[in-house]
2 protein chains.
Amino acid sequence: MPAEVKVEAKSARPAAQPASPPLTERQEARRRRILHASAQLASRGGFDAVQMREVAESSQVALGTLYRYFPSKVHLLVATMQDQLEHMHGTLRKKPPAGDTAAERVAETLMRAFRALQREPHLADAMVRALTFADRSVSPEVDQVSRQTTVIILDAMGLDDPSPAQLSAVRVIEHTWHSALITWLSGRASIAQVKIDIETVCRLIDLTEPTEPTEPTEKL
Amino acid sequence: MPAEVKVEAKSARPAAQPASPPLTERQEARRRRILHASAQLASRGGFDAVQMREVAESSQVALGTLYRYFPSKVHLLVATMQDQLEHMHGTLRKKPPAGDTAAERVAETLMRAFRALQREPHLADAMVRALTFADRSVSPEVDQVSRQTTVIILDAMGLDDPSPAQLSAVRVIEHTWHSALITWLSGRASIAQVKIDIETVCRLIDLTEPTEPTEPTEKL
DNA sequence: ATCAAGTCTGAAACTTGTTCTAGATTAGCG
DNA sequence: CGCTAATCTAGAACAAGTTTCAGACTTGAT
């Protein structure tokens, strides 16, 4: 068993995806307790209900420790979202969408995710508000969420090697997805409206798929 | 000297609230000072630099008064955005976009707005973060901003009587616009990328020309 | 002019995110 | 085992948004 290597864990952020964080079992357990408490509190009352002192107490960790693991409330909630996204990606993989066109499949996938969020609207509120409120210090984590979302959409499209135009369409779909969620969460758009918006933006996909589904010729 | 005359909010501000109470001149002046201080502080350091105590001091108003005028920091910043949007709408009206298609004109308009925001990135940060962070208690004001944005886009399209499909497209464009701004502000997307996203989503407009008897590209 | 109701002010208090400190605990190591 | 560095804990302290309150000032009506 290789001894755990300490790579100057002083100034770097503790729990991140990219570089392998050398966490012991107890640390991993702490991290998990924190994320669980975060999701639980968020499910109750949304963004405001996730109070750092409560998260700390609820996960049996000192406040200072909580901040060592997640340097801000937004970091914590974005990490919570990463966690949930992973779970959802697994779920979606099991039953792939059945539409005929890529646009249909993407819309179906997003609507399925949307229905999942509707079951926990407060949790959705906390995560989405954190995502859009995040400033530059959270960019790496937010970017990771964005990449994960992109993967899910590309999965639904059934593409391995998207063209630049298709990536643009996917980005616009993600924009619409996030913003539509916000309008729904803040009570300014109905569920039906979100559905329409998603279906509308998904038509963009058809624009980027002229006739040939797979065209290896790609130039950047 | 006669008592202060109540000023109807019609000259410079088209109704924010349906039942907006008439403000005296001194009150109108206070409101204006507050909005000015808000914009000024925001221009310096963005969302975080707009501190309620500083806004109060800077606009020569007690903290309690500030909160009477704007019940929260987010309310204040959304109102600041309404103010700026109005100004921008005026500016845009003077030089309408010159594209051949509706999609081109909308993209040009949004890019023009984007360039204006680039000149005051901190102000943009404060306003956009407030907009997307706003909870239900700010819905009416946020909705007002949204309607104003819609008007600007429909103006650019040159439409008086948009079809439901066109309104959907406009909503999706707005979603993309807000979300793309956020990714730019948080340093996760370049200016070029925002431009591409805007141009991409504007193509949706071309997809929606069902009800009009007039056929493709024609200059009005 | 005068009074009642509403508004503004200054200051303190409260809330919650965040930081800091001193001491206890743990992990890796010879 | 005993050492050292890192980590964890409890708790105070700080920062900024928000609320509250008593008293002074305005406003509108008599």
Side-chain angles (χ1 to χ4, degrees), chain A residues 1-15 21-31 33-34 37-38 41-42 45-78 126 129-130 133-135 137-138, chain B residues 1-7 21-31 33-34 37-38 41-42 45-78 126 129-130 133-135 137-138:
Chain A
M1 223 181 187
E4 290 180 323
V5 193
K6 303 283 187 175
V7 272
E8 47 190 27
K10 182 83 172 176
S11 58
R13 74 274 158 207
L23 295 183
T24 69
E25 264 185 41
R26 301 186 61 187
Q27 287 175 321
E28 191 55 49
R30 265 186 214 108
R31 185 171 195 280
R33 285 206 305 278
I34 293 172
S38 168
L41 286 171
F47 188 89
D48 294 329
V50 181
Q51 302 194 354
M52 298 305 268
R53 280 171 243 260
E54 279 206 49
V55 172
E57 186 180 0
S58 185
S59 51
Q60 317 215 46
V61 139
L63 191 56
T65 305
L66 171 53
Y67 273 95
R68 173 182 280 275
Y69 281 71
F70 302 97
S72 79
K73 174 171 173 172
V74 168
H75 280 85
L76 170 58
L77 285 173
V78 171
R129 297 261 293 287
F133 190 59
D135 66 356
S137 72
V138 206
Chain B
M1 190 167 311
E4 287 196 86
V5 194
K6 287 177 183 172
V7 184
L23 299 179
T24 68
E25 270 185 32
R26 302 186 64 189
Q27 288 175 322
E28 191 57 48
R30 266 185 213 109
R31 184 172 196 281
R33 285 205 306 276
I34 293 173
S38 169
L41 287 170
F47 188 90
D48 295 329
V50 180
Q51 302 193 354
M52 298 304 269
R53 281 172 243 261
E54 280 206 49
V55 172
E57 186 180 1
S58 186
S59 50
Q60 312 210 299
V61 140
L63 192 54
T65 305
L66 172 53
Y67 274 95
R68 173 181 281 275
Y69 280 72
F70 302 97
S72 79
K73 174 170 172 172
V74 168
H75 280 85
L76 170 58
L77 285 173
V78 170
R129 295 261 293 287
F133 190 59
D135 66 357
S137 72
V138 205

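So you know, we letter chains A, B, ... as the sequences are listed, proteins then strands, and number each from 1.
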Can you tell me how far P of D:dT7 sits from CZ of A:R26, to the nearest Å?
14 Å

Just grab all the ring-ring contact (aromatic ring centres under 6.0 Å, His included) pairs involving residues 52-72 of chain B, residues at least two apart or on different chains.
none

Protein-nucleotide distance (A:Q51, atom CD; C:dT18, atom P), rounded to Å
12 Å

Below the 4.0 Å mark, does D:dC8 have OP1 or OP2 next to a side-chain nitrogen or oxygen of A:Q27?
yes

B:E28 CD to D:dT26 C1': how many Å, rounded?
17 Å

What's the verdict on side-chain contact (heavy atoms from CB on, under 4.5 Å) for B:R129 and A:D135, showing C-alpha distance, side-chain angles and the deciding distance?
CA-CA 9 Å; B:R129 295 261 293 287; A:D135 66 356; 3.9 Å; yes

B:L41 atom CG is separated from D:dA16 atom P, nearest whole Å, by 13 Å

Minimum heavy-atom separation for B:S38 and B:L77, please, with both atom names.
OG-CD2, 3.7 Å

When B:R33 and B:R53 are each assigned the nearest nucleotide of DNA chain C, the 5'-most assignment goes to B:R33

Name the atoms and distances for all side-chain donor-acceptor pairs under 3.5 Å in residues 54-63 of chain B, with sequence neighbours left out.
unit_1, atom_1, unit_2, atom_2, d
B:S59, OG, B:V55, O, 2.6
B:S59, OG, B:A56, O, 3.4

Note: A:L41 and A:A49 closest approach over all heavy atoms is O-CB, 3.7 Å

Just the rounded figure in Å: distance from C1' of D:dT9 to CZ of A:R30.
10 Å

B:K73 to B:F47, cation-pi by 6.0 Å centre distance and 45° axis angle:
yes

Report yes if the side chains of B:M52 and B:L66 come closer than 4.5 Å at any heavy-atom pair, otherwise no.
yes

Using a strict heavy-atom distance below 4.0 Å, which residues from residues 57-68 of chain B are in contact with DNA chain D?
B:L63, B:Y67

At 4.0 Å (heavy atoms only), tell me whether A:V50 reaches a base, stays on the sugar-phosphate, or touches nothing.
sugar-phosphate

Whole-Å distance separating the CD atom of A:E25 from the P atom of C:dA27:
10 Å

Between P of C:dA12 and CE of B:M52, the distance in whole Å:
20 Å

Rounded distance (Å) that lies between atom C1' of C:dT18 and atom CG of B:D48:
13 Å

Within the pair A:Y69 and D:dC8, is there a side-chain N or O less than 4.0 Å away from OP1 or OP2?
yes

